[in-house]
Amino acid sequence: MIAALAGLFADGRIVDLVLLLVAAEAGALWLWRRRAARGPTWADLLPNLLAGAFLLLALRAALAGMPWIWIAAPLTGALLAHLADLARRFGAGGVERQVGSGGELERRPV
């Protein structure tokens with residue numbers, strides 16, 4: 001068992017499993033939004049999910065011993081997705097704040 005786990009980490013395949021979990025999470029959130037008509041929108045989720053996925057791809061490249069460019073490229077993607085997420089959250093002179101027990105977001109001027 002430990003040898004199998006060590007093998008998953010040694011060549012970066014563990015990241016593939018985590019990326020599958022991220023995809024499953026995105027699907028579950030989409031289903032929740034569709035059925036309950038509440039929850040985060042794709043515009044709210046996508047930059048955050050992309051930033052995390054890019055970081056995971058950079059980790060996979062590093063674990064697999066890839067050249068530095070294969071690590072730097074997804075790190076750049078993660079930065080751009082993170083900046084897009086920040087711009088969405090804090091743009092237009094407002095700040096998002098979670099209110100109520102349903103997790104609704106409210107925009108308030110700074």
Side-chain angles (χ1 to χ4, degrees):
M1 176 71 171
I2 300 234
L5 283 174
L8 285 175
F9 279 90
D11 62 5
R13 287 180 295 149
I14 190 72
V15 175
D16 298 340
L17 295 174
V18 175
L19 282 169
L20 283 173
L21 290 173
V22 169
E25 175 188 16
L29 288 169
W30 175 78
L31 255 156
W32 175 44
R33 171 87 179 166
R34 187 176 166 118
R35 291 185 182 201
R38 59 178 243 199
T41 65
W42 276 116
D44 294 330
L45 285 176
L46 194 58
N48 194 298
L49 287 173
L50 282 175
F54 278 126
L55 287 174
L56 286 167
L57 290 172
L59 173 63
R60 187 177 193 325
L63 289 173
M66 302 287 287
W68 70 269
I69 192 74
W70 293 102
I71 300 167
L75 285 176
T76 303
L79 172 65
L80 294 174
H82 177 62
L83 291 175
D85 186 35
L86 289 176
R88 175 152 175 76
R89 289 177 191 255
F90 299 108
V95 175
E96 290 181 351
R97 184 173 82 93
Q98 190 168 348
V99 296
S101 60
E104 305 88 22
L105 293 177
E106 175 182 294
R107 294 194 68 83
R108 295 256 172 116
V110 183

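Quantities reported herein were computed from a predicted structural model and do not represent experimental measurements.
- Under a hydrophobic-cluster definition in which Ile, Leu, Val, Met, Phe, Trp and Tyr are linked whenever side-chain heavy atoms come within less than 4.5 Å, directly or via other members, M66 and W68 are assigned to the same cluster.
- Under the 4.5 Å side-chain contact rule for hydrophobic residues, L5 and L59 share a cluster.
- Cluster annotation: L83 is not connected to L55 through the hydrophobic network of ILVMFWY side chains, with a link wherever side-chain heavy atoms come within less than 4.5 Å.
- A side chain to side chain contact (heavy atoms under 4.5 Å, CB included) with D85 holds for exactly one of L46, L45, N48; it is N48.
- Using a 4.5 Å cut-off on side-chain heavy atoms (C-beta onward), V15 and L57 make no contact.
- The shortest non-hydrogen separation linking W42 to P47 is O-CD, 4.3 Å.
- In the hydrophobic clustering of ILVMFWY residues, with side-chain heavy atoms under 4.5 Å counting as a link, V22 and F9 come out together.
- The CG atom of L63 sits 10.5 Å away from the CG atom of L56 when rounded to the nearest 0.5 Å.
- If you take CZ on R38 and CH2 on W32, they are separated by 5.5 Å, rounding to the nearest 0.5 Å.
- Residues A81 and A51 come closest through the heavy atom pair CB-N, 3.6 Å.
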Please walk me through it: do L8 and L17 pass side-chain contact (heavy atoms from CB on, under 4.5 Å)?
-> CA-CA 9 Å; L8 285 175; L17 295 174; 4.1 Å; yes
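- Between the CZ atom in F54 and the CG atom in L79 there is a gap of 11.0 Å [rounded to 0.5 Å].
- Here the CG atom belonging to D44 is positioned 8.0 Å from the CZ atom belonging to R33, to the nearest 0.5 angstrom.
- A distance of 12.5 Å separates CZ of R60 from CD1 of I71, quoted to the nearest 0.5 Å.
- Going from atom CG of L29 over to atom CG of L49 covers 7.5 Å, rounded to the nearest 0.5 Å.
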